[in-house]
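Just follow the structure's listing: the first ligand is 1, and inside any ligand the first atom is 1. None of the values given here were measured: they were computed from a predicted structure.
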Amino acid sequence: MQYQYALERYSVSTGSEKESPVITSTLNRIPVQEEVLVLGGGVAGCAASIALARKGRRVTLIEREPTPRHKVCGEFLSGEALEDLHALGIDVASLGAVPIDYVRLAAARRAAEAPLPFTAASLTRRALDTALIAEAIAAGVRVERGRSVQALSRTTANVWQATLDDGATREAPTVFLATGKHDLRGYPRPEDPERWVAFKMYFRLAPAQAAELARASELMLYPGGYGGIQPVEGGIANLCCVVQQRHLARVGHRWENFLAKMQQDCPHLAMRLAGAEPLLAKPIAVTHIPYGYIRATTENGLYCIGDQAAVIPSFTGDGISIALHTARCAVAAYLAAEPAPLFQAKLRSALLAQMRLAEFAADGLNNSFARAVLPFCLRVWPGVMGVTAKLTRVAQHAAVAPMQAPVEI
Ligand SMILES: Cc1cc2nc3c(=O)[nH]c(=O)nc-3n(C[C@H](O)[C@H](O)[C@H](O)COP(=O)(O)OP(=O)(O)OC[C@H]3O[C@@H](n4cnc5c(N)ncnc54)[C@H](O)[C@@H]3O)c2cc1C
């Protein structure tokens, strides 16, 4: 099967954008052992590294990309995500984030809108990840970029060893696993039975459409999936969508055909994209998204965070918030000497209800009857969107309280 798009790991550049400079701390001589190794320098990995370094811990962060790249993500930052980012010292407004006040739901030939029950924003992942890595370096984290972790194993009961792409190793008693959508060999998450495929493409919308989209996040429903479009910094819009592979097969696995089919099924999207200019040569894409997954167990000294801990359905726009939340909780647990297996089990119970509700709602979105009636319901009861948004938010406050008595790890 030949895919007509670039998978995320081979993410594309628009050609018109300058790459951010590489801010790699060159380590001539790595100490044999670090206090903490963080694997993956996305949202969760950076957040955990910053918090640990600020508490005086010696942290090495390993990120496989040499510079932040576009990632498949709707780039919606919920109120909770904004609070966590603020606490980390990230001022999204100064990075050009667009405030989002409304959510619009479009399905079949109907669309309806409702105000969001919290302040939200929208910012490209490239800008966000760049700021987070810079903040980690400023906090004193040793950042190794362009280095991919190939394997993770235990040398002794108390020491983890990460093997990098060139065979070099890094050791530490504690590891934070934050490789996001990408599983490390030996630490797989379950199969994704629906075989979801996600795409992201940037567009420059026609002026009238850009004006209508301003400050809104639009969710569009179609058979086999859903998509979102919203403005991001720089006057452009992000279209991010998911579809089950069997529906993609019906259009020959081709992005152009899928885009045309989405517009046919959801005329609201066709209206938004009329006269729009695509800004990437190809969409970026990612497969294998185990929606609904929550990690139940781990080993001593291995804290799993972000998408390695839990994967919430994308329509909630809550994945970044969960990544930040799980990083914060894991750092608190580590500092309180809470064993990783206990932390992971408590995190699971704290997230379970929210995840199951989000899954239930996602199943509803994928139902043809729901697609027909949802925009109508939203019109007569706009509060339903607010209620759904609130119920699918992560609980922020001490949902995973560290144990009182310090325990040897
Ligand atoms: C279609 C879609 C739309 C979404 N839309 C939204 C949204 O609008 N709002 C929202 O809040 N969430 C959204 N999410 C979810 C959100 O993107 C993730 O939940 C979030 O990025 C998870 O953060 P993370 O730190 O776990 O992973 P990431 O941010 O993906 O970071 C993982 C990092 O690990 C690195 N890495 C991977 N493997 C290795 C390795 N072997 N060695 C070294 N480094 C490695 C990667 O390069 C990457 O930088 C969406 C997800 C999808 C699929």
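Side chains of Pro231 and Ile100 form a contact here, defined as non-hydrogen atoms less than 4.5 Å apart.
When heavy-atom distances to ligand 1 are checked against a 4.0 Å cut-off, Ala198 comes that close only through its side chain, counted from C-beta outward. When non-hydrogen atoms are compared, ligand 1 lies under 4.0 Å from the side chain of Ala323 (C-beta onward) but not from its backbone. If you look at Ala178 next to ligand 1, the close heavy atoms, those under 4.0 Å, all belong to the backbone. When heavy-atom distances to ligand 1 are checked against a 4.0 Å cut-off, Cys240 comes that close only through its side chain, counted from C-beta outward. Here Glu75 has backbone heavy atoms under 4.0 Å from ligand 1, and that is the only part of it that gets that close.
Nearest heavy-atom pair across Cys73 and Lys200 is O-CD, 3.3 Å. Summarising the geometry of Ala358 relative to Phe315, their closest heavy-atom pair is O-CE2, 3.5 Å, with the distance given to 0.1 Å.
One distance of note links CG of Leu324 with CG of Leu85; it measures 5.0 Å at 0.5 Å rounding.
When the shell of 6.0 Å around CZ of Arg250 is examined, it contains more than 12 heavy atoms from other residues, nucleotides or ligands.
Which parts of ligand 1 touch Gly306 is read off a 4.0 Å heavy-atom cut-off, strictly below it: atoms 26 (O).
With respect to Arg54 and Glu135, a salt bridge is recorded, a charged nitrogen being found less than 4.0 Å from a carboxylate O.
Annotation: Glu63 places an N or O atom under 3.5 Å from an N or O atom of ligand 1; distance criterion only. Ligand 1 has no nitrogen or oxygen under 3.5 angstrom from a nitrogen or oxygen of Val286.
Under the 3.5 Å distance criterion, with hydrogens and angles disregarded, a donor-acceptor pair is assigned to the side chains of His182 and Arg64.
Using a 4.0 Å heavy-atom cutoff, Gln150 is absent from the residues neighbouring ligand 1. Ligand 1 lies within reach of Arg147, whose nearest heavy atom is under 4.0 Å from it. Residue-ligand proximity: Asp318 is placed with a non-hydrogen atom under 4.0 Å from ligand 1.
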Let's go through Ser314 and Tyr291 carefully: what are the C-alpha distance in whole Å and the side-chain angles of both, what is the deciding distance for side-chain hydrogen bond (donor to acceptor under 3.5 Å, both in side chains) to 0.1 Å, and is it a yes or a no? CA-CA 8 Å; Ser314 302; Tyr291 286 131; 2.5 Å; yes
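Which of Pro68, Gly74, Gly180 comes nearest to atom 24 (P) of ligand 1 through a heavy atom is settled by distance: it is Gly180.
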